[in-house]
2 protein chains.
Amino acid sequence: MTVRESTSSTRERIKTVALELFTEQGYEKTSLREIAERLDVTKAALYYHFKSKDEIVNSFVEDRLDQLDDLVAWAKAQPATLTTRRSIIGRYADTMCAGQHSSVMRFFEQNQTALRSLTAGQRIRERMLQLADLLCGDDSSPEAQLRATLALFSVHSSWFGVRAPGLTDQERRGVALKVADELITAIGPPTTDDPR
Amino acid sequence: MTVRESTSSTRERIKTVALELFTEQGYEKTSLREIAERLDVTKAALYYHFKSKDEIVNSFVEDRLDQLDDLVAWAKAQPATLTTRRSIIGRYADTMCAGQHSSVMRFFEQNQTALRSLTAGQRIRERMLQLADLLCGDDSSPEAQLRATLALFSVHSSWFGVRAPGLTDQERRGVALKVADELITAIGPPTTDDPR
DNA sequence: GTCTATAAGCCGATAGAC
DNA sequence: GTCTATCGGCTTATAGAC
């Protein structure tokens with residue numbers, strides 16, 4: 001896909017800078033003036049590309065939503081086995097490697113209250129809950145819910161939380177999956193796994 | 001401790017309402033006007049009790065800080081064994097039951113970016129990192145860091161995340177500790193545990 | 001301790017020239 | 001596509017009466 005130079009590049013630059021500032025300082029605290037200054041344009045120029053502050057958020061959240069929808073759809077079509085749960089986490093970790101997706105999820109985690117009143121935030125939250133439910137399978141006990149939540153958080157935390165500068169994406173993925181695997185393996189006594 | 005009626009009760013009411021609104025809507029999005037309206041007083045009355053918006057946060061964060069400091073100090077005086085790690089998590093879970101401490105931690109999690117520029121937030125964050133380090137003992141590998149982080153998050157998540165209305169504090173504590181125990185048991189191959 | 005009134009400033013968003 | 005100029009509104013915070 002070739003890039004229409006003058007028209008589209010500014011829009012992308014706005015998205016990138018906004019995502020960065022929203023994550024570092026918070027959505028509410030970051031003003032459009034600040035974003036504009038960083039790009040050496042005026043506030044009004046931003047309003048040519050986006051009709052509101054919310055819409056800037058929507059612009060970089062939508063790609064992530066599509067990806068999550070794909071994963072949820074795939075997971076729903078699988079049998080509720082341990083193997084499936086492992087694959088869900090593995091695929092979820094894979095999605096974090098590509099493009100800005102890990103940055104978007106970091107923004108999501110750092111702006112939970114701000115995103116509560118934004119549709120973009122509600123939609124991401126909804127998908128995460130769906131994934132957690134799918135990781136629970138038939139077991140809806142508090143313990144299973146907790147394990148599922150922590151398994152997903154394990155992936156995020158290995159990306160955002162672990163202080164180890166030289167770690168590659170593959171290594172982060174490996175650590176996240178090792179710990180997540182322990183958590184989800186213990187889910188699901190109600191149905192014995194891998195019924196034959 | 002008796003309550004000096006007219007003088008101190010308004011201050012406490014401000015703290016309670018502010019903590020509630022800051023958590024529900026976010027720190028930045030909640031204005032002093034809104035807090036004042038909810039209490040049927042004027043904004044100026046708030047400024048009699050607190051000299052700034054930040055200071056309202058400090059007022060309910062300080063109690064929590066003292067409690068965390070106690071726990072960190074106790075943990076540092078213990079040997080770096082698995083038994084100690086278990087006790088740290090157990091005591092940490094205990095602190096969540098008393099008073100507004102779980103509410104304060106929920107506020108902390110929901111307002112990470114806002115709290116980054118507030119000293120109150122930086123100090124809580126620092127204590128959480130200390131606890132995570134203590135849970136790691138001699139093992140500073142990425143995997144140990146991740147396990148420690150998730151163990152602490154297990155306690156938070158059982159309080160804030162698990163959807164089970166009828167669950168008592170004791171039951172939440174039980175679930176959190178069961179999962180957290182699995183996580184921290186696997187930390188620390190470098191030093192064999194419980195050396196005799 | 002609580003009030004009214006107001007200062008001073010930043011915000012998101014819009015209008016219209018170029 | 002980007003600009004200048006501006007609007008209306010809301011914010012934190014203060015001054016001073018009661």
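Throughout, protein chains are lettered first and strands after them, A, B, ... in sequence-line order, and every chain is numbered starting at 1.
B/Arg127 places no side-chain N or O within 3.5 Å of a backbone atom of B/Leu68 that could act as its donor or acceptor partner. Between the side chain of B/Thr149 and the backbone N or O of B/Gln145, at least one donor-acceptor pair lies under 3.5 Å.
Here the P atom of nucleotide C/dG1 and the NE2 atom of B/His49 are 7 Å apart, to the nearest Å. One atom, CD1 of A/Ile14, and another, C1' of D/dG1, lie 10 Å apart when rounded to the nearest Å. At whole-Å resolution of the value, CD in B/Glu55 and P in D/dA13 are 10 Å apart. Taking atom CG of B/Leu39 as the reference point, atom C1' of C/dG1 lies 14 Å away to the nearest angstrom. What separates OH of A/Tyr47 from C1' of D/dC7 is a distance of 13 Å, to the nearest Å. Between B/Leu46 atom CG and D/dT14 atom C1' there is a gap of 14 Å when expressed in whole angstrom units.
Side chains of B/Gln100 and B/Arg64: a donor-acceptor N/O pair is absent below 3.5 angstrom, by distance only. A donor-acceptor pair shorter than 3.5 Å cannot be found between the side chains of B/Arg116 and A/Gln25. Side-chain contact check for B/Asp139 and B/Ser141: at least one donor-acceptor pair (N or O, by modelled atom type) lies under 3.5 Å.
The stretch residues 21-34 of chain B comes close to DNA chain D through B/Thr30, B/Ser31, B/Leu32, B/Arg33, each having a heavy atom under 4.0 Å from the strand.
Between A/Arg38 and A/Glu20 there is a salt bridge, since a side-chain N of the basic residue sits under 4.0 Å from a carboxylate O of the acidic one.
Judged as a ring-ring contact (aromatic ring centres under 6.0 Å, His included), and not counting sequence neighbours, the contacts of B/Phe60 are B/Phe107. In terms of the ring-ring contact (aromatic ring centres under 6.0 Å, His included) criterion, A/His101 has no residue partners (sequence neighbours excluded). Evaluation of the side chain to side chain contact (heavy atoms under 4.5 Å, CB included) rule for B/Ser117 yields A/Lys29 as partners, not counting sequence neighbours.
The B/Thr10 side chain lies nearest to C/dT2 when the options are C/dT2, D/dT14, C/dA13. Considering only the side chain of A/Lys53, C/dA13 comes nearest among D/dA13, C/dA13, C/dT2.
Listed pair A/Tyr48 / D/dT2 fails the phosphate criterion, with no side-chain N or O lying under 4.0 Å from OP1 or OP2.
Checked against a 6.0 Å centroid threshold, the rings of A/His156 and A/Phe108 do not count as neighbours.
Overall bending of the helix from C/dG1-D/dC18 to C/dC18-D/dG1, expressed as the angle between end axes built from five pairs apiece, is 0° (10° steps).
With B/Trp74 as the aromatic partner, B/Arg91 meets the cation-pi criteria of under 6.0 angstrom to the ring centre and within 45 degrees of the ring axis.
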Output one line per pair: protein atom, nucleotide atom from nucleotides 3-9 of chain C, and distance, for all N/O pairs under 3.5 Å.
{"residue": "C/dC3", "atom": "OP2", "partner": "B/Thr42", "partner atom": "N", "Å": "2.7"}
{"residue": "C/dC3", "atom": "OP2", "partner": "B/Thr42", "partner atom": "OG1", "Å": "2.9"}

